[in-house]
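In this chain, residues are counted from 1 in sequence order.
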Amino acid sequence: MKGSEDIKKLNQLFEDYKSRFISFANSYVQDLTVAEDFVMEAFMDYWEVRDILREDSNIPAYILTLVKHKCLNHLKRKQLQEDGRMGIEHSNIFPGSL
């Protein structure tokens with residue numbers, strides 16, 4: 001029966017924090033769909049490790065930290081992609097300039 005109790009707790013946690021976490025993520029990524037995906041992923045990531053977390057863990061803070069790291073990693077990848085495109089654009093404008 002512990003499994004069904006865990007699922008009920010997760011559902012309640014999700015309902016209590018989903019909107020706030022999505023707003024938080026969206027403030028970073030400026031894309032609601034991406035923000036929603038990151039929040040869902042963070043809840044799934046929490047679910048996978050819930051049994052190894054300490055009993056006194058602040059679960060909402062843990063999940064929010066996961067969301068934040070997902071957003072920051074996304075922004076870093078996005079910046080690297082943009083920097084890479086800039087490099088390609090400049091190399092096409094000035095062939096042989098390197």
Side-chain angles (χ1 to χ4, degrees):
M1 284 298 189
K2 187 176 188 303
S4 64
E5 273 184 46
D6 285 349
I7 292 171
K8 286 179 184 177
K9 287 179 184 177
L10 180 67
N11 285 336
Q12 188 61 53
L13 189 68
F14 183 75
E15 287 304 315
D16 290 347
Y17 290 96
K18 171 183 65 171
S19 298
R20 287 182 264 182
F21 288 177
I22 290 171
S23 294
F24 176 81
N26 195 44
S27 73
Y28 278 90
V29 298
Q30 302 298 305
D31 184 325
L32 190 57
T33 302
V34 172
E36 290 170 345
D37 287 346
F38 288 161
V39 170
M40 289 301 297
E41 288 175 16
F43 272 92
M44 289 187 294
D45 292 346
Y46 158 70
W47 182 256
E48 291 176 1
V49 299
R50 71 191 184 284
D51 292 332
I52 61 172
L53 295 175
R54 291 177 27 174
E55 295 241 355
D56 63 344
S57 295
N58 183 336
I59 303 305
Y62 178 82
I63 295 170
L64 188 60
T65 300
L66 292 173
V67 171
K68 180 181 177 182
H69 286 281
K70 288 176 183 299
C71 292
L72 293 175
N73 288 337
H74 170 79
L75 294 173
K76 188 183 295 183
R77 281 190 306 273
K78 189 174 176 181
Q79 184 63 50
L80 289 172
Q81 288 173 343
E82 289 173 7
D83 290 350
R85 279 196 293 270
M86 289 298 291
I88 291 170
E89 290 171 5
H90 284 101
S91 66
N92 289 336
I93 294 171
F94 305 108
S97 62
L98 295 175

If every non-hydrogen atom of Val67 is compared with every non-hydrogen atom of Ala25, which pair is closest and at what distance? CG1-CB, 3.7 Å
What is the minimum heavy-atom distance between Asn58 and Pro60, and which atoms define it? OD1-CD, 3.2 Å
Heavy atoms only: give me the nearest Gln30-Ser27 pair and the separation to one decimal. NE2-O, 3.0 Å
Validation row: Leu13, Phe43 side chains within 4.5 angstrom (heavy atoms): yes
Intermediate values then yes/no, side chain to side chain contact (heavy atoms under 4.5 Å, CB included), Leu53 and Tyr46: CA-CA 9 Å; Leu53 295 175; Tyr46 158 70; 3.7 Å; yes
In sequence, state the C-alpha distance, the side-chain angles, and the governing distance for Leu75 and Gln79, and then conclude on side chain to side chain contact (heavy atoms under 4.5 Å, CB included). CA-CA 6 Å; Leu75 294 173; Gln79 184 63 50; over 6 Å; no
Out of curiosity, Arg20 CZ to Lys18 NZ, how far, rounded to the nearest 0.5 Å? 12.0 Å
Looking at every heavy atom in both Ile7 and Trp47, which two are closest together, and how far apart are they? CG1-CH2, 3.6 Å
Hey, any chance Leu10 and Ile59 share a hydrophobic cluster, counting ILVMFWY side chains that come within less than 4.5 Å of each other, even indirectly? yes
So how far is it from Lys76 NZ to Cys71 SG, rounded to the nearest 0.5 Å? 13.0 Å
Co-membership, hydrophobic cluster, residues Val39 and Met44, 4.5 Å side-chain: no
Minimum heavy-atom separation for Phe21 and Ile63, please, with both atom names. CE1-CG2, 3.6 Å
Distance only, no hydrogens: is a donor on one side chain within 3.5 Å (strictly under) of an acceptor on the other, for Asn11 and Glu15? no
Met40 reachable from Val49 in the ILVMFWY side-chain graph, under 4.5 Å edges: yes
From CG (Asp51) to CG (Asp6), nearest 0.5 Å: 7.0 Å
Distance in Å, Lys78 NZ paired with Asp83 CG, rounded so as to fall on 0.5 Å steps: 12.5 Å
Could you tell me whether the side chain of Asp45 reaches within less than 4.5 Å of the side chain of Lys70, counting heavy atoms only? yes
